[in-house]
Amino acid sequence: MSDIIQPRVLKGFRDSLPSNEIRRKHIQSVLEHTFELYGFVPIDTPVLEYTEVLLGKGGGDTDKQIYRFTDNGGRDIAMRFDLTVPFARFMAGHAPELYLPFKRYHIAKVFRGENTQRGRYREFMQCDFDIVGVDSAAADFEILLLKARCFEHLEVPDVRFHVAHRGVFNRFLNKLGAADRSVEIMRAVDKRGKIGDEEVRNLLVETVGSSAADELLAYIRPETTNAATLTAITRLAGGDGEDTQRLGTVLEWSDKLGLSDRVVLDPSITRGLDYYTGIVYESFFPQLPQIGSVCSGGRYNDLASLYTKQHLPGVGSSIGLDRLMAALEEIEKLPHARSGVDILVLCMEERLIGRYHEIAEYLRSAGMRAEVYPDAKKLSAQFAYAEKRGIPIGIICGSIEADSGVMNIKNLETRESEEQLSLEEAAGKARAILQRKSHQNYGA
RNA sequence: GUGGAUGUAGUUCAGCGGUAGAGCACCAGAUUGUGGAUCUGGUAGUCGCGGGUUCAAAUCCCGUCAUCCACCCCA
């Protein structure tokens, strides 16, 4: 008979149902709005790139679990695994047409063939924002400020932004005589938040010996205040420098702009990615240590040098939208899924459907989102439909009302109805209900 | 990629060699123009997929796909 193809999807790839997609788009639009408030402009780049562009000249790091294949024209091709590397290529190619400093945001899917877990997929949405063309505390700080405002606008409670500086850390490693093992050291140090001081020390003892391990531990352990931490790492790194001064400036401005409750100078933050050269950022939900980093980034002054001789310093950060949503779901802070429709015109009789569309068109022209139920099903079924869709208002108009040109309006949440209203009156009532609702949302 | 756990009705799960079950959800009726209660009745499944052992497999074995957890890495 019929051989049905299984409607399956690949490991780590997912469909997004309306309830999820509505929430995702809401979060996305809040972020876009916030970026634009700060003068960031949108861009897009291709999903596919030449493999050499994504992997750099060596092309050897298969570590990155990149999706790679040969196209029908024999080209060596890969799918982007982040938005920062394609952005560096983008800047190298388009700098003459643009202006500096250039501030962009980019929300798009990226692909990594890694093993899956909750909040960790093979196809996921990243949201990057970067400032290119200046190497200054101003840009480093603006990224931090923007991160904080994004999470504020999303009404995410309890986010901590941890910052550190690669340059200071490298000075310290040089002084320690361990610069040659910096990769292993940074990996171990980065785990402090997860496994604790003892375990980190055990790892460090293996690579650098116990006395150096103790010095490293002293360096990465934050003091009780950011100022004290800065003083400590400045001393351990061999004194004041351009890097520690910049870190101090960023912290000072964070205080001034009211971020001091959220910004933590945390020298154990190093970031695994090797292209960072200056400040690095990492974000945590203290309630959800297992969910991993939701927003991280840093300064990369040499990234574009792979593709151009022009010096293009940059600083930026990336929000993992899918992981953010997984985290919000966990703490039940996701915005309630709404259909996006405000009013349902119920169908009492088929022959009145033309009238229903007139009503709906009037409501739409008054700026409200309306839809007509397309079938004269029993009312309970229509109410159930409205409830499932989260539609807050119903308009009911049977033959008696239609004959005298009136209708009833029902607040589907309180179940109160008002009868015998003209179209204009009904529209006014609907608007009042919606306004009350949106006030409640802001209040909560 | 490595190690482990789990896949049974729309959903949450029970059953763990002998005829596939429950709650919730869903559908119908009590209620032919106003849904959240109650009652009555009903639908509900290739037991993830493929192979093997057995008189007999949801149950045991192997493979495979997917999800979750840890590692790795990171968003």
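Every value quoted in this text rests on a predicted model; they were computed, and no experiment measured them. Below, read A as the first sequence line, B as the second, and so on, with proteins coming before strands; counting in each chain starts at 1.
Taking atom OH of Tyr385(A) as the reference point, atom C1' of rA25(B) lies 19 Å away to the nearest angstrom. In this structure, the CG atom of Leu346(A) is 11 Å from the C1' atom of rG33(B), given to the nearest Å. Atom CG in Leu324(A) sits about 14 Å away from atom P in rA75(B), given to the nearest Å. Rounded to an integer number of Å, the gap from CE of Met186(A) to C1' of rC73(B) is 14 Å. Nucleotide rC73(B) holds its C1' atom 9 Å from the CZ atom of Arg112(A), rounded to whole Å. The distance between atom CD of Gln420(A) and atom C1' of rU34(B), rounded to the nearest whole Å, is 14 Å. Protein atom CD of Glu123(A) is 17 Å distant from nucleotide atom P of rA75(B), rounded to whole Å. In this structure, the CD1 atom of Ile395(A) is 15 Å from the C1' atom of rG33(B), given to the nearest Å.
Of the options Arg221(A), Arg192(A), His162(A), a side chain to side chain donor-acceptor pair (under 3.5 Å) to Asp266(A) is made by His162(A) and by none of the others.
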**OP:** List the steps and the verdict of side chain to side chain contact (heavy atoms under 4.5 Å, CB included) for Cys150(A) and Phe35(A).
**Re:** CA-CA 8 Å; Cys150(A) 281; Phe35(A) 296 146; 3.5 Å; yes

Original post:
Would Glu152(A) and Arg262(A) satisfy salt bridge (charged side-chain N to carboxylate O under 4.0 Å, His left out), going step by step from the backbone distance to the final call?
Top reply: CA-CA 11 Å; Glu152(A) 248 171 59; Arg262(A) 276 160 285 173; 2.7 Å; yes

**OP:** Kindly determine whether Val41(A) and Tyr105(A) satisfy side chain to side chain contact (heavy atoms under 4.5 Å, CB included), including the steps that lead there.
**Re:** CA-CA 6 Å; Val41(A) 293; Tyr105(A) 69 89; 5.7 Å; no

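Atom name P, nucleotides rU43(B) and rG21(B): the rounded distance is 12 Å, in whole Å. Remark: the separation of the P atoms in rU59(B) and rG48(B) is 8 Å, to the nearest Å. Taking atom P on both nucleotides, rG23(B) is separated from rU40(B) by 12 Å, rounded to a whole Å. rC71(B) and rG63(B) have their P atoms separated by 26 Å, given to the nearest Å. Rounded to a whole angstrom, the distance from the P atom of rU67(B) to that of rU12(B) is 15 Å. Only the P atoms considered, rG41(B) is 26 Å distant from rU46(B), to the nearest whole Å. Distance check on atom P: rC62(B) versus rC68(B) gives 24 Å, rounded to whole Å. Atom name C1', nucleotides rC55(B) and rU2(B): the rounded distance is 42 Å, in whole Å.
By the ring-ring contact (aromatic ring centres under 6.0 Å, His included) test, Phe161(A) is found to be paired with Phe151(A), residues two or more places apart in sequence or in another chain being considered. Remark: Arg181(A) engages no residue in a side chain to side chain donor-acceptor pair (under 3.5 Å) (not counting sequence neighbours). Taking Ser254(A) as the reference, nothing meets the side chain to side chain donor-acceptor pair (under 3.5 Å) condition, with sequence neighbours excluded.
Checked against a 6.0 Å centroid threshold, the rings of Tyr219(A) and Phe169(A) count as neighbours.
The side chain of Ser318(A) contributes no N or O atom lying less than 4.0 Å from OP1 or OP2 of rA75(B).
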Please list, pair by pair, any protein nitrogen or oxygen found under 3.5 Å from a nitrogen or oxygen in nucleotides 66-72 of chain B.
from: rA66(B); atom 1: OP1; to: Lys11(A); atom 2: N; distance (Å): 3.1
from: rU67(B); atom 1: OP1; to: Gly12(A); atom 2: N; distance (Å): 2.9
from: rC69(B); atom 1: OP1; to: Arg118(A); atom 2: NE; distance (Å): 3.4
from: rC69(B); atom 1: OP2; to: Arg118(A); atom 2: N; distance (Å): 2.7
from: rA70(B); atom 1: OP2; to: Gln117(A); atom 2: OE1; distance (Å): 2.9
from: rA70(B); atom 1: N7; to: Gln117(A); atom 2: NE2; distance (Å): 3.4
from: rC72(B); atom 1: OP1; to: Lys191(A); atom 2: NZ; distance (Å): 2.6
from: rC72(B); atom 1: N3; to: Arg120(A); atom 2: NH2; distance (Å): 3.4
from: rC72(B); atom 1: N4; to: Arg120(A); atom 2: NH1; distance (Å): 2.8
from: rC72(B); atom 1: N4; to: Arg120(A); atom 2: NH2; distance (Å): 3.4

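Cys295(A) comes within 4.0 angstrom of the backbone, heavy atoms only, and of no base. Contacts of Ser399(A) with the nucleic acid, taken as non-hydrogen atoms under 4.0 Å apart, include base atoms. At the heavy-atom level, Leu412(A) lies under 4.0 Å from base atoms of the strands shown. Using a 4.0 Å heavy-atom cutoff across all strands shown, Ser417(A) reaches no nucleic acid atom at all.
Rounding to the nearest 0.5 angstrom, the gap separating the CD atom in Gln126(A) from the CZ atom in Arg112(A) is 5.5 Å. To the nearest 0.5 Å, atom CZ of residue Arg299(A) and atom CG of residue Asp135(A) are 4.5 Å apart.
Contact between Arg120(A) and Asn115(A) at its shortest, heavy atoms only, is NE-O, 3.3 Å.
Annotation: of the two residues near RNA chain B, Ile400(A) and Asp82(A), the 5′-most nearest-nucleotide partner is Ile400(A).
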Original post:
Can you give the dot-bracket line for RNA chain B, where a pair is Watson-Crick or G-U wobble with both atom distances under 3.5 Å, crossing pairs use [ ], and | marks a partner on another strand?
Top reply: ((((((((.[[[[.)..(..]]]].(((((.......))))).....[[[[[..)....]]]]])))))))....

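Between the side chains of Arg24(A) and Gln28(A), a donor-acceptor pair is found at a separation under 3.5 Å.
Contacts between residues 401-410 of chain A and RNA chain B, defined by a heavy-atom separation below 4.0 Å, involve Glu401(A), Asn408(A), Lys410(A), listed by number.
The closest donor-acceptor contact from the side chain of Ser283(A) to the backbone of Cys295(A) lies under 3.5 Å.
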